[in-house]
Amino acid sequence: LKALGWKADAATLDLMRAYRMDAILNDSTHVFLSDPVGDRFIGMKNWNQLLAEEFGLHPDFIAVAESEEKSDYRDPQGAWYVYWKKDKRIYSVQREEWDRPEVATANARPGKEVWPSYVSFFAWWVAEQLAFEA
């Protein structure tokens, strides 16, 4: 996380150390968490570098989850959940605005498009996964 610019967030670090991507509900809905440690594909650090270089993700954003009905890694679309380094919150931002943080976050509604921390976002995400399965 430090290499991505995500600092001084002990609660997130503890959570990310505790869960295993292959043992959570990550395939229940179209919202997929990025693996902070690394996965069989690319991992959060390399994924964010690719999104920034190839698709214009603002360097103040760290993508923590994607939301696409059908993922197309050659042309990411839809809502993406990002950590904004400026205020340390998680936002749902649309792909066409993720290069402009002030625009992408301007009208965010709590619990729908903004969460006060990664831990609160993760709790919402788990609730969404469980509701989808019910």
Side-chain angles (χ1 to χ4, degrees):
L1 292 178
K2 191 183 289 187
L4 289 167
W6 193 335
K7 303 173 185 168
D9 188 349
T12 295
L13 187 57
D14 286 346
L15 175 65
M16 288 182 171
R17 285 179 175 152
Y19 73 78
R20 288 182 26 215
M21 291 300 293
D22 61 348
I24 59 175
L25 311 165
N26 215 16
D27 58 354
S28 298
T29 73
H30 64 284
V31 181
F32 299 94
L33 292 178
S34 297
D35 190 337
V37 177
D39 60 9
R40 62 185 174 208
F41 300 110
I42 195 164
M44 189 181 281
K45 183 177 183 230
N46 292 336
W47 182 241
N48 274 272
Q49 184 176 348
L50 174 72
L51 293 175
E53 291 173 0
E54 298 293 324
F55 303 107
L57 179 68
H58 196 278
D60 287 344
F61 281 155
I62 299 172
V64 298
E66 66 175 288
S67 177
E68 290 190 79
E69 290 295 338
K70 288 187 169 186
S71 294
D72 181 358
Y73 299 115
R74 294 165 294 155
D75 186 21
Q77 297 296 318
W80 285 68
Y81 299 91
V82 300
Y83 172 84
W84 192 10
K85 296 175 190 177
K86 177 180 177 180
D87 68 4
K88 300 179 169 112
R89 295 180 181 182
I90 303 294
Y91 289 89
S92 173
V93 299
Q94 293 299 315
R95 163 65 178 90
E96 59 272 3
E97 294 177 341
W98 73 6
D99 60 333
R100 297 166 288 152
E102 302 293 339
V103 172
T105 61
N107 297 314
R109 297 170 295 169
K112 294 199 179 277
E113 293 127 354
V114 62
W115 294 264
S117 67
Y118 182 82
V119 174
S120 64
F121 168 76
F122 187 82
W124 168 84
W125 177 82
V126 168
E128 290 292 306
Q129 301 294 313
L130 295 175
F132 182 79
E133 288 183 345

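A quick note: this is a predicted structure, and the numbers were derived from the prediction, not measured.
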Compile the donor-acceptor pairs under 3.5 Å between side chains in residues 99-107 and protein atoms, sequence neighbours left out, one pair per line.
from, atom 1, to, atom 2, distance (Å)
Arg100, NH2, Glu96, O, 3.0
Glu102, OE2, Lys86, NZ, 2.8
Thr105, OG1, Pro101, O, 2.7

Between CD on residue Glu97 and CH2 on residue Trp80, distance to nearest 0.5 Å: 15.5 Å
Aromatic ring proximity, centroids under 6.0 angstrom, Phe61 and Trp98: no
4.5 Å side-chain heavy-atom contact, Val64 and Trp47: no
Partner residues of Leu4 under the side-chain contact (heavy atoms from CB on, under 4.5 Å) criterion, sequence neighbours left out: Met44, Lys45, Asn48, Ile62
Working for side-chain contact (heavy atoms from CB on, under 4.5 Å), residues Phe55 and Arg95: CA-CA 9 Å; Phe55 303 107; Arg95 163 65 178 90; 3.5 Å; yes
Euclidean distance, Tyr83 OH relative to Asp60 CG, rounded to 0.5 Å: 11.0 Å
Contacts of type ring pair (Phe, Tyr, Trp, His ring centres under 6.0 Å), residue Tyr91, not counting sequence neighbours: Trp84
Pairwise distance CZ(Arg17) to CG(Leu1) - rounded to 0.5 angstrom: 9.0 Å
Interatomic spacing from OG in Ser117 to CZ in Arg89 - rounded to 0.5 Å: 10.0 Å
Residue Lys85 excluded, over 12 heavy atoms near NZ under 6.0 Å: yes
Residue list, side chain to side chain donor-acceptor pair (under 3.5 Å) with Thr12, at least two apart or on another chain: Asp9
Tyr81: ring pair (Phe, Tyr, Trp, His ring centres under 6.0 Å) partners, not counting sequence neighbours: Trp115, Phe121, Trp124
Qualifying salt bridge (Lys or Arg N to Asp or Glu O under 4.0 Å) pairs, either residue in residues 107-117, two or more places apart: Arg109-Glu113
